[in-house]
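Input: a single structure, listed below in structure tokens.
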Amino acid sequence: MNEIRFDGKIAIITGAGRGLGRLYAIELARRGAAVVVNDLGGSRDGSGSDTAPAQSVVDEIRNFGGKAIPNFDSVATIEGGEKIIQTAIDAFGTVDILINNAGILADKTIMKMSEKEWDIVQEVNLKGTFSVTRAAFPIMREKKFGRIIFTSSGSGLYGNFGQTNYAAAKMGLIGFMNALKLEGAKYNITCNTIAPIAASRLTEDVLPPELFKKLRPEDVVPLVLYLCWEGCTESGMIFNCAGGWFSRTAVVCGRGIKLGDGCNEISPEAIRDNWQKIANLENAEVLGSLVESFKFIV
Ligand code: NAI
């Protein structure tokens, strides 16, 4: 059987005490990986902590003979990120796969959103991904292998009412991935992002009940496992996955029009008169890096 396996691989899954992260941890362990089940065990808005969620996933994995160790640190600090990686090193000796999955919500319309609600959502979703990835990266670089997953959201990619904090953090991860994929390319470290929609405590009062029932979190798992597999060498991609639907999505660059040569003046009227071409996305391209955009300019 040409099964996708993870024997001998060490995986860290943040926020794996519940929801999607729990399922990634269980399936990776079933397929041979040794897993670090990280979870702070807080509430949906990031407050509080509890060791029970991570411990129960570890117990579940050990019960079927899998290898797992819990970690209860928050991803939101550099120190927490280092401790999570250290847990993997102490228990299993290395890190091959990192699934940045921990996330929280603090939804408010902008006029009601406090500084604390803005900050904590950046700290967990965006900085949390930085702190764990930063600690894992040197190990992956040294061994010339790494699979890193980022968890974005359609909220950031496309917009969602009442989530400016969350949308900004989740879109920030796209920028993070775009830069890191270049830093990892030489070392066989791939970086890919998923934008899932799945039934969990994060979405129970956000999604319409009919849709909630159909969006099984189990249906997100196969894509994430494929992207974590050593045979998958794609990097820098973003995927929608929801209810059995899998699709690539991307930031694209339209061909536009070149109105100047660096010497002539360009008027606002020229922008107005060429608006159709400037705003047109026909034949738009996915660019591999900022440098690639220079071809349109010079
Ligand atoms: P969930 O709330 O069931 O699981 C998230 C886990 O992260 C929780 O167990 C929580 O304790 C943990 N966590 C929160 N803050 C943490 C911290 N500072 N350190 C360590 N662990 C922490 O949520 P779900 O739905 O499984 O979400 C997983 C990821 O997918 C999140 O990043 C979320 O933003 C993202 N996502 C989920 C969508 C969905 O439809 N469920 C939609 C788009 C994105």
Side-chain angles (χ1 to χ4, degrees), residues 12-26 36-58 70-85 87 98-107 119-132 149-160 163 165-174 176 193-208 211-221 223-224 238-243 245 249:
I12 296 175
I13 304 100
T14 69
R18 303 185 181 87
L20 291 167
R22 171 180 163 271
L23 297 175
Y24 305 148
I26 290 171
V36 175
V37 176
N38 157 263
D39 207 294
L40 176 67
S43 59
R44 192 171 97 154
D45 66 5
S47 56
S49 63
D50 183 0
T51 58
Q55 188 60 55
S56 76
V57 175
V58 167
N71 171 283
F72 312 111
D73 288 297
S74 171
V75 296
T77 65
I78 292 294
E79 194 194 349
E82 283 168 358
K83 284 188 181 163
I84 293 166
I85 301 305
T87 300
L98 169 60
I99 304 179
N100 289 299
N101 166 77
I104 59 163
L105 283 180
D107 293 358
D119 285 347
I120 192 169
V121 167
Q122 310 309 316
E123 279 161 21
V124 175
N125 294 281
L126 184 55
K127 186 180 168 193
T129 297
F130 165 66
S131 67
V132 187
I149 305 295
F150 298 81
T151 307
S152 184
S153 166
S155 171
L157 289 161
Y158 315 119
N160 204 23
Q163 293 194 321
N165 53 355
Y166 183 75
K170 291 302 195 186
M171 204 55 191
L173 291 171
I174 304 294
F176 184 171
T193 298
I194 60 151
I197 313 177
S200 79
R201 68 174 185 164
L202 286 192
T203 47
E204 59 197 352
D205 55 1
V206 180
L207 291 171
L211 195 56
F212 188 81
K213 273 189 248 156
K214 289 188 184 154
L215 295 172
R216 298 187 328 140
E218 288 80 1
D219 292 341
V220 175
V221 178
L223 174 66
V224 171
I238 312 164
F239 298 95
N240 297 299
C241 43
W245 172 58
T249 189

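Order of listing sets the numbers, starting from 1, for every ligand and every atom in it.
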Please write down residue, atom name and distance for the protein heavy atom closest to atom 25 (O) of ligand 1.
-> Ser200 OG, 2.5 Å
Is there side-chain contact between Val121 and Leu105, with heavy atoms separated by less than 4.5 Å?
-> no
So, the side chain of Thr249 versus the backbone of Ile238: is there a donor-acceptor pair under 3.5 Å, distance only?
-> no
Any atoms of ligand 1 less than 4.0 Å from a non-hydrogen atom of Gly42? List them with their elements.
-> 11 (O)
Between the main-chain N or O of Thr14 and the side-chain N or O of Asn101, is there a donor-acceptor pair closer than 3.5 Å?
-> yes
State the atoms of ligand 1, each with its element, that fall below the 4.0 Å cut-off from a heavy-atom position in Leu20.
-> 26 (O), 30 (O)
Show which atoms of ligand 1 fall inside a sub-4.0 Å distance from at least one heavy-atom site of Gly19.
-> 3 (O), 26 (O)
Heavy-atom contacts with Arg201 under 4.0 Å: which atoms of ligand 1 show up? List them by number with element.
-> 1 (P), 2 (O), 3 (O), 8 (C), 10 (C), 11 (O)
Checking side chain to side chain contact (heavy atoms under 4.5 Å, CB included) for the pair Tyr24/Val221: CA distance, chi angles, key distance, verdict?
-> CA-CA 6 Å; Tyr24 305 148; Val221 178; 4.1 Å; yes
Spacing of Ile149 atom CD1 and Ile194 atom CD1 [to the nearest 0.5 Å] | 7.5 Å
Can you figure out which of Val121, Asp45, Leu202 has its heavy atom closest to atom 27 (O) of ligand 1?
-> Leu202
Thr203 to ligand 1, any heavy atom closer than 4.0 Å = yes
At what distance is the nearest protein heavy atom to atom 5 (C) of ligand 1, and which residue and atom is it?
-> Gly103 O, 4.0 Å
Look at atom 38 (C) of ligand 1 and say which protein heavy atom is nearest, naming residue and atom and giving the distance to 0.1 Å.
-> Pro196 O, 3.8 Å
Which value, rounded to the nearest 0.5 Å, describes the distance between Arg201 atom CZ and Ile104 atom CD1?
-> 9.5 Å
Taking all non-hydrogen atoms of both residues, which atom of Ala195 and which atom of Gly154 are closest, and how far apart?
-> CB-N, 4.0 Å
Does Pro53 reach ligand 1, in the sense of a heavy atom lying below 4.0 Å from it?
-> no
CG/Asp107 to CG/Asn165 distance, rounded to the nearest 0.5 angstrom?
-> 6.5 Å
Which atoms of ligand 1 sit under 4.0 Å from any heavy atom of Ile197?
-> 40 (O)
Nearest-neighbour protein heavy atom for atom 13 (N) of ligand 1, which is reported as residue plus atom name and distance | Ala102 CB, 4.0 Å
Do other residues, nucleotides or ligands put more than 12 heavy atoms under 6.0 Å from Glu204 CD?
-> yes
Kindly compute the distance separating NZ (Lys83) from OG (Ser131), expressed to the nearest 0.5 Å.
-> 12.0 Å
So which bit of Ser74 gets within less than 4.0 Å of ligand 1, heavy atoms only: side chain, backbone, both or neither?
-> both
Are Arg44 and Asp205 close enough that some pair of their side-chain heavy atoms sits under 4.5 Å apart?
-> yes
Going by the atom numbers of ligand 1, which of them fall below 4.0 Å from some non-hydrogen atom of Ile104?
-> 14 (C), 15 (N)
Is there a side-chain contact between Lys170 and Ser155, using heavy atoms and a 4.5 Å cut-off?
-> no
If you measure every N/O of Tyr166 against every N/O of ligand 1, is any gap under 3.5 Å?
-> yes
If you have a sec, work out which protein heavy atom is nearest atom 6 (C) of ligand 1 and how many Å separate them, to one decimal?
-> Gly15 O, 3.4 Å
Thr14, portion touching ligand 1 at heavy-atom distance under 4.0 Å | neither
Touching ligand 1 at all, Ser152? Heavy atoms, strictly under 4.0 Å?
-> yes
Drop me the distance from Asn38's CG to Leu40's CG, to the nearest 0.5 angstrom.
-> 8.0 Å
Heavy atom of Arg44, distance to ligand 1 below 4.0 Å | no
Atoms of ligand 1 under 4.0 Å from any heavy atom of Ser153, numbered from 1 in the order shown, are 43 (C), 44 (C)
Can a non-hydrogen atom of Ala198 be found less than 4.0 Å from any atom of ligand 1?
-> yes
Judged by heavy atoms only, the candidate from Leu40, Asn101, Ile84 nearest atom 32 (O) of ligand 1 is Asn101
Value rounded to 0.5 Å, distance of CZ in Phe212 from OG1 in Thr203 | 4.5 Å
Contact between Lys170 and ligand 1, counting heavy atoms under 4.0 Å?
-> yes
Would you check if the side chain of Thr151 reaches a backbone N or O of Asn100 as a donor-acceptor pair within less than 3.5 Å?
-> yes
Does any N or O in the side chain of Ser49 come within less than 3.5 Å of the main-chain N or O of Gly41, such that one atom is a donor and the other an acceptor?
-> no
State, yes or no, whether a side-chain contact exists between Val75 and Val124 at a heavy-atom distance under 4.5 Å.
-> yes
Thr151-ligand 1 polar pair, N/O distance under 3.5 Å | no
Considering only heavy atoms, does Ala195 approach ligand 1 within less than 4.0 Å through its side chain, its backbone, both, or neither?
-> neither
Heavy-atom contacts with Asn38 under 4.0 Å: which atoms of ligand 1 show up? List them by number with element.
-> 20 (C), 21 (N)
Applying a 4.0 Å heavy-atom criterion (strictly less than), which segment of Val75 is in contact with ligand 1: side chain, backbone, both, or neither?
-> both
Please write down residue, atom name and distance for the protein heavy atom closest to atom 11 (O) of ligand 1.
-> Asp39 OD1, 2.5 Å
Is Gly41 in contact with ligand 1, taking contact as a heavy-atom separation below 4.0 Å?
-> yes
